[in-house]
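Just so you know, these numbers use all the heavy atoms, side chains as well, and skip hydrogens, waters and symmetry mates.
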Amino acid sequence: MTGNARRSGPPWSVDLLADLHAGALDPRTEAELRPLVENDPEAREILAALDATLDDLRDLPPIPMPRHVAERIDAALAEEARPVAPVVDFAQAKARRAKRLGWGAGLLAAAAVAVGVAVVAIPRDNTAGDNVAQEDKTTNAPVTGSAVPPGSTDRMPAVRGENFGPVFGDVLKAQNYGPLENQEQLADCLRGANITAGKPLGVSPITLDDKPAVMAILPAGTPGAYRIVVVDPQTCGPDNPDGVLANSTIEP
């Protein structure tokens with residue numbers, strides 16, 4: 001545009017005047033155009049209108065993001081995060097010992113545990129099953145993380161204390177309400193602890209310290225944050241806060 005400012009008007013195009021008003025022109029072009037525009041009444045009116053528009057925009061009150069839009073953004077971010085569990089800074093988690101989730105070794109440790117569980121479970125369905133059964137008879141020891149009879153909860157993700165890290169990815173991918181059957185019954189259980197939530201990002205039966213339970217992963221209200229709630233399906237309900245066995249938040 002340099003060198004052409006004198007030949008582009010008057011009348012000046014609104015786009016050119018808007019660029020001049022916004023300071024988007026290169027210094028040389030602006031220096032050529034500014035005195036020409038200041039001597040043009042029509043151009044000055046357009047610049048004055050742009051000034052008035054900016055003043056009106058500055059006077060507008062802040063417009064909050066609608067809640068349903070924020071929830072959709074949270075859900076989209078959670079979908080992008082699957083199946084990888086978020087990495088929580090160990091020092092920060094240790095400082096919040098009351099709500100510590102035990103991410104210890106972070107994402108790699110969670111992946112290693114998940115792979116280990118899969119390797120243990122696979123031989124039960126193939127020709128190596130007899131060897132596994134014989135080894136169990138020899139050691140007379142149960143499989144780590146499960147103290148329940150086979151065929152009931154032995155395939156559920158197992159959690160000790162509040163170490164949810166190893167099972168987070170599996171639960172986030174699941175939509176299995178187990179004995180609660182549906183979202184409505186889960187919502188009744190959450191109301192017992194004054195927790196209001198829509199559809200969980202992930203839900204699955206688990207064992208918590210060898211006790212059958214249901215774990216739900218909910219949005220925590222900010223991008224990248226999650227809320228983990230574990231309920232006792234036998235006792236939870238809208239009038240029983242003791243039916244909620246765990247309630248923790250993961251922050252990015």
Side-chain angles (χ1 to χ4, degrees), residues 67-68 70-90 92-93 96 98-115 117-118 145 153 155-209 211-233 236-238 241 243-252:
R67 182 173 181 177
H68 72 278
E71 291 176 350
R72 289 176 61 187
I73 292 174
D74 285 344
L77 291 173
E79 184 68 25
E80 287 293 327
R82 295 182 183 184
V84 180
V87 179
V88 177
D89 179 73
F90 182 71
Q92 182 182 8
R96 300 195 306 266
K99 295 184 178 181
R100 184 178 56 190
L101 300 180
W103 291 94
L107 179 59
L108 293 179
V113 171
V115 172
V117 171
T153 58
R155 293 182 182 274
M156 293 183 185
V159 176
R160 294 285 183 181
E162 291 194 358
N163 183 23
F164 298 111
V167 305
F168 184 95
D170 290 335
V171 176
L172 188 64
K173 293 184 291 184
Q175 285 293 322
N176 180 4
Y177 293 89
L180 294 181
E181 297 183 355
N182 54 50
Q183 180 181 337
E184 288 72 20
Q185 293 192 44
L186 173 64
D188 285 342
C189 291
L190 297 180
R191 276 196 291 271
N194 294 322
I195 300 172
T196 302
K199 183 178 180 180
L201 303 175
V203 59
S204 174
I206 65 167
T207 60
L208 180 61
D209 297 329
K211 180 178 180 180
V214 175
M215 173 175 162
I217 301 175
L218 311 171
T222 57
Y226 301 89
R227 188 174 192 173
I228 294 177
V229 182
V230 180
V231 300
D232 181 351
C236 68
V244 176
L245 306 178
N247 181 10
S248 302
T249 300
I250 304 173
E251 297 179 353

What's the separation between atom CZ in R160 and atom CG in N163, rounded to the nearest 0.5 Å?
11.0 Å

Rounded to the nearest 0.5 Å, what's the gap from CG on D74 to CZ on R72? Could you check?
12.0 Å

Which distance, rounded to the nearest 0.5 Å, do you find between the CG of D209 and the OG1 of T207?
8.5 Å

Side chains of F164 and I250, heavy atoms from C-beta outward: is any pair under 4.5 Å?
no

Roughly how far, to the nearest 0.5 Å, is the OG atom of S204 from the CG atom of D170?
8.0 Å

Do L190 and L218 come close enough that some side-chain heavy atom pair is under 4.5 Å?
yes

Taking the side chain as everything from C-beta on, heavy atoms only, tell me whether M215 gets closer than 4.5 Å to V167.
yes

On a heavy-atom basis, which atom in G178 and which in P205 lie closest, and how many Å separate them?
CA-CG, 3.6 Å

Working to the nearest 0.5 angstrom, can you tell me the gap between T222 OG1 and I73 CD1?
12.0 Å

Do C236 and V244 come within less than 4.5 Å of each other through their side chains, counting heavy atoms only?
no

Report all side-chain donor-acceptor pairs from residues 192-199 shorter than 3.5 Å, counting only partners two or more places apart or in another chain.
none

Which heavy atom of P200 sits nearest to which heavy atom of L186, and what is that distance?
CG-CD2, 3.9 Å

Just to verify, what does D232 make a side chain to side chain contact (heavy atoms under 4.5 Å, CB included) with, not counting sequence neighbours?
K211, Q234, T235, L245

So, the side chain of E251 versus the backbone of A220: is there a donor-acceptor pair under 3.5 Å, distance only?
no

List the steps, then state whether side chain to side chain contact (heavy atoms under 4.5 Å, CB included) holds for S248 with E162.
CA-CA 9 Å; S248 302; E162 291 194 358; 3.2 Å; yes

Please round to the nearest 0.5 Å and tell me the distance separating atom CD1 of I228 and atom CD1 of I217.
5.5 Å

Which residues pass the side chain to side chain donor-acceptor pair (under 3.5 Å) test with E181, sequence neighbours left out?
Q185

Partner of V230 by side chain to side chain contact (heavy atoms under 4.5 Å, CB included), out of V159, I206, V171, N247:
I206

Would you say the side chain of L201 lies within less than 4.5 Å of the side chain of Y226, judging by non-hydrogen atoms?
yes

Listed by chain and number, what are the side chain to side chain donor-acceptor pair (under 3.5 Å) partners of E71, not counting sequence neighbours?
R67

Taking side chain to side chain contact (heavy atoms under 4.5 Å, CB included) as the test, write out the residues that go with A187, two or more places apart.
R191

Quick one, V214 with Y177, criterion side chain to side chain contact (heavy atoms under 4.5 Å, CB included). Give me CA distance, side-chain angles, the key distance, then yes/no.
CA-CA 7 Å; V214 175; Y177 293 89; 5.8 Å; no

Tell me the closest heavy-atom pair linking V231 and C189, and the distance in Å.
CG1-CB, 4.1 Å

